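Accompanying notes for the structure given below.
Residue numbers begin at 1 in each chain, while the letters A, B, ... track the order of the sequences. Keep in mind it's a predicted model, so treat the numbers as computed, not measured.
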Number of protein chains: 2
Amino acid sequence: MAVDPDADERGSTETEIMEATYRALCKHGYSGLSISRIADEFEKSKSSLYYHYDSKDDLLVAFLTFAVDRFEASVATERSDDPMADLEGVIERLLPLRPTDEQRQIQALLVDLRSQAVTDERFRERFADIDERLVTTLTEVIERGIERGTFNEVDATRVAEHVLAVLNGAMVARATTDREAAVAAARVSLSSYLDTVLRR
Amino acid sequence: MAVDPDADERGSTETEIMEATYRALCKHGYSGLSISRIADEFEKSKSSLYYHYDSKDDLLVAFLTFAVDRFEASVATERSDDPMADLEGVIERLLPLRPTDEQRQIQALLVDLRSQAVTDERFRERFADIDERLVTTLTEVIERGIERGTFNEVDATRVAEHVLAVLNGAMVARATTDREAAVAAARVSLSSYLDTVLRR
DNA sequence: GTCTATAGAAAGATAGAC
DNA sequence: GTCTATCTTTCTATAGAC
């Protein structure tokens, strides 16, 4: 997507269509999404969607890329000289304690999109890729901590998978229930777990 | 559902419809589910569905109850005199190391159904209820361990929420990616976490 | 590139015979 | 209770003018 310099341009028709799709998904969910409903969120006409995308399927695949790119950009991690702070930084970005309405919306949308991976191989590959990248990021931070001697010599990948599972589980809980206290409890417990297991 | 003695009867038309809906959901996912596709999995005709249920929506609400009841029955926990074994028992039922194809299907279906909770209040309440019950079960087991003096005096609810988040996160990963090793890693890490935190 | 109009298929739902 | 036939609405997608 970032290959074409115009692709990310604000106001390009393709971007407007992606934004309209985003709004339609938030309102109706994936199972209630239709071309007409996307057009309802779009300034131009329904048939103009078909000028830019060959089919609904084609549009949805493009949206998947769009949404995944945005998500990964929003989680992008800067490394500091404090691995524990880096870890907490990733956790806060993936599961903010006080999410804005927009953060809530994005995560709800991702949970909804992700469920399509149950029956659609293309979605499956994308979300496997996301998880793989996140585990890689987490593993690298943990290994840096081990190298610097501030962390215990744990199995970094195993701990990273544990952290990711907690984050994904809490993210799903937040998007699909009103058990906000559960999210807080999971986050607190996760921090104390990392403190116990990593800090020497 | 268990109020009416005939409701659970094998071979009752309502049960056949629920089974047909189950198969249609496995094949097409929630977003691809239609009355015609349910009828395709059903011995009788499409219009007979409307004799038993007023609308697609009505049928789906009934199916939600059916599926949740089956899930909760499959997770039902017997208590022993070994709290750690009870805990591992719940974990193994919710996230089996070697799931059968049927267990895989049920969990994939639950992940798919759950995503409807993002935009449908009725689904939201159901899944909040499921999580609440599971946390209660886990909390009780942990508190029993504390009372017996075999567990440390931890915040039982907090640990229970942590465990549930790992289980839900790994369940979603299993249903939406092919990262089976991630599930194994999360389970191993979860066990060692419980051992570290609980065992005195 | 965007529009209006519409084709053609599939959706949810009902009528009326048996 | 179940059937076939059919209605209406909604859906995806295209034709053709501008």
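Paired with B/Ser189 under the rule side chain to side chain donor-acceptor pair (under 3.5 Å), one option of A/Glu161, A/Arg158, A/His162 passes, and it is A/His162.
Evaluation of the salt bridge (charged side-chain N to carboxylate O under 4.0 Å, His left out) rule for A/Glu78 yields A/Arg93 as partners, not counting sequence neighbours. For the side-chain hydrogen bond (donor to acceptor under 3.5 Å, both in side chains) test, residues two or more places apart in sequence or in another chain that qualify with B/Arg122 are B/Asp57, B/Asp120. For A/Ser48, the side chain to side chain contact (heavy atoms under 4.5 Å, CB included) criterion is met by A/Phe42, A/Lys44, A/Ser45, not counting sequence neighbours.
You'll find the side chain of A/Val159 reaches within 4.5 Å of the side chain of A/Leu194, heavy atoms only. Side-chain contact between B/Val141 and B/Arg79: absent, with no pair of heavy atoms (C-beta onward) separated by less than 4.5 Å. Counting heavy atoms from C-beta on, the side chains of B/Tyr22 and B/Ile106 come closer than 4.5 Å. Side-chain contact check for A/Pro83 versus A/Ile142: every heavy-atom pair is 4.5 Å or farther apart.
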Go through the steps for A/Thr65 and A/Arg126 under the test side-chain hydrogen bond (donor to acceptor under 3.5 Å, both in side chains), then give the verdict. CA-CA 8 Å; A/Thr65 300; A/Arg126 287 286 189 174; 2.6 Å; yes
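Extent of DNA chain D lying under 4.0 Å from chain A heavy atoms, first and last nucleotide in 5' to 3' order, is D/dC11 to D/dT14.
Although no hydrogens or angles enter the test, the distance criterion places no donor-acceptor pair under 3.5 Å between the side chain of B/Lys27 and the main chain of B/Gly32.
Residues of residues 49-59 of chain A having a heavy atom closer than 4.0 Å to DNA chain C, listed by number: A/Tyr51, A/His52. Near DNA chain C, defined here as any heavy-atom distance below 4.0 Å, the residues from residues 35-48 of chain B are B/Ile35, B/Ser36, B/Lys46, B/Ser47, listed numerically.
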